[in-house]
Every structure is written in structure tokens, then in C-alpha cells.
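Remarks on the structure that follows.
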Amino acid sequence: MLRILTEKPAAAAFASLVFACILIAGVKDLSINADARVFFSKTNANRQAMDAFDARYEQANNLLIALHAQDGDVYTEERLNAIRALTDALWLLPYATRVESPTNTMRLESTPDEVVVDKTVTAEIAADPERARANIMEDALLLGRLAAPDGKTVGVNVTLDYPMGSSSVTGEIMAAARRAVVDAGVEASGMEAWYGGRVANSSAFSAAGKADMTTLLPLSFAVIFGLLVLILRSPTTAGMVFGVGFVAALSAMGVAGWAGLQINAGTAHMPTLIIALSVAALMHIVLAARRAAVAGAAPGAAVRSALRTDAAPVALTLGSTSVGFLSL
């Protein structure tokens, strides 16, 4: 291999580029997995217990929207009606199977002549905030669970049944939930909406990974390239070194795509790590070639000398580093 690199560099470069293009083609099959179970192996006892529980009963996928009154009291007619409107709208969320809210919980009232079963807060009751407050505060299933004892916050919990491991699904659900909050007039009534639960957590993981790949990743690339130009004092040489590292990172992501692997919050930074390792390895070769050139060797001879002296140590370093990462 070393002989081919030194004697036929153009052919070696072309063959490497073709091979890299084949690998990079797998990038199109990459996807982001927002499910926290990805951090546990399929043989993990806790994951197996959770999988068995979900298979026997129901997956605990929920979205909890906490509505907090900025001035400290959610029990006004406008806010109660906003909560009612939001509760009704959340039934239309993708994959929603159940919506629990302080307003739609069933309440039983009895008189000597009849028994009435109705929602805890109807339109008529919402017009009387103190009656609505009393109905909610008297319900042991609501107080401390979906209604705060201080009257500042209530929660609306949505149970969902959606395909796991798809970041697009959780993103779709969160986008629909945020639209429902706006359409119901929650913010217009002076309440804040806070999102929690498994859906919100999964969506946050996915959003963080996408944000890193669209903002932090380009920024790190710019910093690496800038440092290369500063150290090598040659934009052309810096561009070649960075270009090789960039192709290496894309190739690695392509291999992941061909293998059917998914990106998660823990692996979203891999391109940066791969580029950093590639650049560090290439710097040894470049600096060795420069030393040989300063000593009087011709450009081609300087490169061949650098490959002969540094190729094996660099390969050993990268190989041992790979073993270290695989051990994680």
C-alpha cells in the first residue's frame, strides 16, 4: 500500500476518492433515534424488563403540558376556557389515545332525586371560577397530580401510542401541541406552557442533536480550518488536510448509514471527532514532509520520506484510538 501511495499517488488518490464516494452514498439512509433506550443494549436487564412491561400493558409515552399563570391564579373564566379548548384540541394530536385534564375529569354529583355525571369544569362552571376551583380542589385524583394546591399551575397529560425510534414523529407531535396551545389562547390569557414527559424529552434530544449538527458542527469546522491555516501558513495545504478529514467523517457517517445505524444524542458529535483525529494524523505527515523539504529533498521525495517514517506510527495511533472508542 505504501509503495502504491509513493509511486502512483494520482491512481491511489483516485481509487480512494471512488471508494469514499461509495461509502458516502450511505449518508442518505441515516436517521436520528430520539428513544432513550438506544443507550442500553438489547441484553440489558432493565431494558428487557421495560420492553416486557410495554409489550404486556402499554408504552408509557406521554406529553405533559403544564400551564402556569404568570400572576399566580389559573382560576379565571378566560383561563379555564383556554384550558378546556386546549384539552379538546389535544385529542386531535397525532397518535393521541387519551387526554387527562382538570377540566374533563368526570365528576359525580348526587341529589335526593338524581345522580349527575359530568365534566369537572363545563362552560357553565367556567363562568364561576370559584366553583371550578372548588370542584378541582375537592378531587383527590387531580390535586397534586394535574392541579397544584396553590392554584398557580395545572397540567394536561396526553397519552400517545406512536412508533418508537423516529425523531420525525416526536417532532410532529410537539409541533402540533404547540399549535394547539396557541390556538386555544393559552398565552393570550396570560399563562405559560411548559412541556414535559417522554415525548418532549425525546423531541428535545432530537432537536439538540440537529442543532449541534447545523450550528455547532459548522462552527467547529471553521475553527479547525482556521487553526490549520494559522499553523501551516498555507490555505492550500490547510484546505487539503481539512478536506481529507471531512471526507473521512462523511465516509464514516456513510458506513453508519449502510449498516442501518441511527444517530443519537451521544453520536451526533462523531463527525467533529473524526475530523479532529484525521487532521491530527495528517499533521504528522505534513510536518514530516516539510522537514524533509527543508533538509533539501524534492517535493515528491519529501512526501515519500514522510510516509516511510510516519505512516506506520500514525496507523498504529489511529488503530489504538479506534479500539479505545469501541471499548466505550
Side-chain heavy atoms under 4.5 Å apart, restricted to Ile/Leu/Val/Met/Phe/Trp/Tyr: what other residues fall into the cluster of Phe14, or is it alone? Val18, Ile22
Whether the side chain of Asn135 engages the backbone of Thr120 through a donor-acceptor N/O pair (distance < 3.5 Å, no angle test) should be reported. yes
Under 4.5 Å between any side-chain heavy atoms of Ile65 and Leu63, yes or no? yes
Does Lys28 count as lying over the ring of Trp258, i.e. NZ or CZ under 6.0 Å from the six-ring centre, within 45 degrees of the axis? yes
From CZ (Arg198) to OG1 (Thr159), nearest 0.5 Å: 12.5 Å
Could you report the tightest heavy-atom contact between Pro149 and Leu143, atom names first, then the distance? CA-CD1, 3.8 Å
Kindly indicate whether the side chain of Trp194, heavy atoms from C-beta on, has any atom under 4.5 Å from the side chain of Leu64. no
Could you state whether Val279 and Leu287 fall into the same hydrophobic cluster, counting links through intermediate Ile, Leu, Val, Met, Phe, Trp or Tyr residues with side-chain heavy atoms under 4.5 angstrom apart? yes
Examine distances only and state if a side-chain atom of Thr317 and a backbone atom of Pro313 form a donor-acceptor pair shorter than 3.5 Å. yes
Mind listing the closest non-hydrogen atom pair of Ala281 and Val314 along with its distance? CB-CG1, 3.4 Å
Is there a chain of hydrophobic side chains (I, L, V, M, F, W, Y, each step under 4.5 Å between heavy atoms) that links Met283 to Val223? no
Apply salt bridge (Lys or Arg N to Asp or Glu O under 4.0 Å) to Glu124 and list each qualifying residue two or more places apart in sequence or on a separate chain. none
Go through it in stages, so that I can follow the logic: the residues are Val74 and Lys152, the test is side-chain contact (heavy atoms from CB on, under 4.5 Å), and I'd like the CA-CA distance, side-chain angles, deciding distance and then a yes or no. CA-CA 6 Å; Val74 298; Lys152 297 179 180 179; 5.7 Å; no
Between Thr309 and Ala306, is there a donor-acceptor pair closer than 3.5 Å when you use the side chain of the first and the backbone of the second? yes
Just list the side-chain donor-acceptor pairs under 3.5 Å for residues 228-254, sequence neighbours left out, or say none.
| from | atom 1 | to | atom 2 | distance (Å) |
| --- | --- | --- | --- | --- |
| Ser234 | OG | Thr237 | N | 3.2 |
| Ser234 | OG | Thr237 | OG1 | 3.1 |
| Ser251 | OG | Val247 | O | 2.7 |

Any non-hydrogen side-chain atom of Ile285 less than 4.5 Å from a side-chain atom of Leu307? yes
Rounding to 0.5 Å, atoms CD (Glu130) and OG1 (Thr76) come to a distance of 11.0 Å
Arg291 meets the salt bridge (Lys or Arg N to Asp or Glu O under 4.0 Å) criterion, sequence neighbours left out, with none
How long is the span from the OG atom in Ser220 to the CZ atom in Phe225, to the nearest 0.5 Å? 14.0 Å
Taking the side chain as every heavy atom from C-beta outward, state whether Tyr95 and Asn61 have any pair of such atoms under 4.5 Å apart. no
Looking only at heavy atoms, what is the nearest atom pair of Val99 and Asn104, with distance? O-ND2, 2.9 Å
Decide whether Met191 and Leu146 are clustered together by the hydrophobic rule: side chain heavy atoms of Ile, Leu, Val, Met, Phe, Trp, Tyr closer than 4.5 Å, transitively. yes
Pairing residues for Asn44 by the side-chain hydrogen bond (donor to acceptor under 3.5 Å, both in side chains) criterion, not counting sequence neighbours: none
Arg133 CZ to Leu80 CG distance, which is reported to the nearest 0.5 Å: 9.0 Å
Crowding at CZ, Phe39 (>12 non-hydrogen neighbours, <6.0 Å): yes
May I have all residue pairs that pass side chain to side chain donor-acceptor pair (under 3.5 Å) and include part of residues 174-189, sequence neighbours excluded? none
Mind checking what makes side-chain hydrogen bond (donor to acceptor under 3.5 Å, both in side chains) contact with Thr43, not counting sequence neighbours? Ser41
Residues two or more places apart in sequence or in another chain: which of them pass side-chain hydrogen bond (donor to acceptor under 3.5 Å, both in side chains) with Asp71? Arg79
Does Lys42, at its NZ atom, have more than 12 non-hydrogen atoms belonging to other residues, nucleotides or ligands within less than 6.0 Å? no
Of all heavy-atom pairs between Gly257 and Leu30, which one has the smallest distance, and what is that distance? N-CD2, 3.7 Å
In chain order, what residues pass the side-chain hydrogen bond (donor to acceptor under 3.5 Å, both in side chains) check against His68, with sequence neighbours excluded? Thr153
hydrophobic_cluster_shared for Leu141 and Met137, side chain cutoff 4.5 Å: no
Which distance, rounded to the nearest 0.5 Å, do you find between the CG of Leu17 and the SG of Cys21? 4.5 Å
Per-pair distances, 0.1 Å, donor-acceptor, side chain in residues 81-91, under 3.5 Å, sequence neighbours excluded:
| from | atom 1 | to | atom 2 | distance (Å) |
| --- | --- | --- | --- | --- |
| Asn81 | OD1 | Arg84 | NH1 | 3.2 |
| Asn81 | ND2 | Glu77 | O | 3.2 |
| Thr87 | OG1 | Ile83 | O | 2.8 |
| Thr87 | OG1 | Ser101 | OG | 2.9 |
| Thr87 | OG1 | Thr103 | OG1 | 3.4 |

Checking side-chain contact (heavy atoms from CB on, under 4.5 Å) for the pair Val186/Leu67: CA distance, chi angles, key distance, verdict? CA-CA 8 Å; Val186 170; Leu67 306 176; 3.8 Å; yes
Under 4.5 Å between side-chain heavy atoms, chaining through other members, with only Ile, Leu, Val, Met, Phe, Trp and Tyr counted: pull out the rest of the cluster around Leu216, sorted by chain and number. none
Tell me whether Phe221 shares a hydrophobic cluster with Val27, the cluster being built from Ile, Leu, Val, Met, Phe, Trp, Tyr side chains joined at under 4.5 Å. yes
Please report the shortest heavy-atom distance between Ile136 and Ala147, naming the atom on each side. CG2-CB, 3.5 Å
Please write out which residues are connected to Leu261 in a hydrophobic cluster, directly or through intermediates, given that two of Ile, Leu, Val, Met, Phe, Trp, Tyr count as joined at side-chain heavy-atom separations below 4.5 angstrom. none
Heavy-atom closest pair (Tyr162 atom, Ser202 atom, distance to 0.1 Å) is OH-OG, 4.4 Å
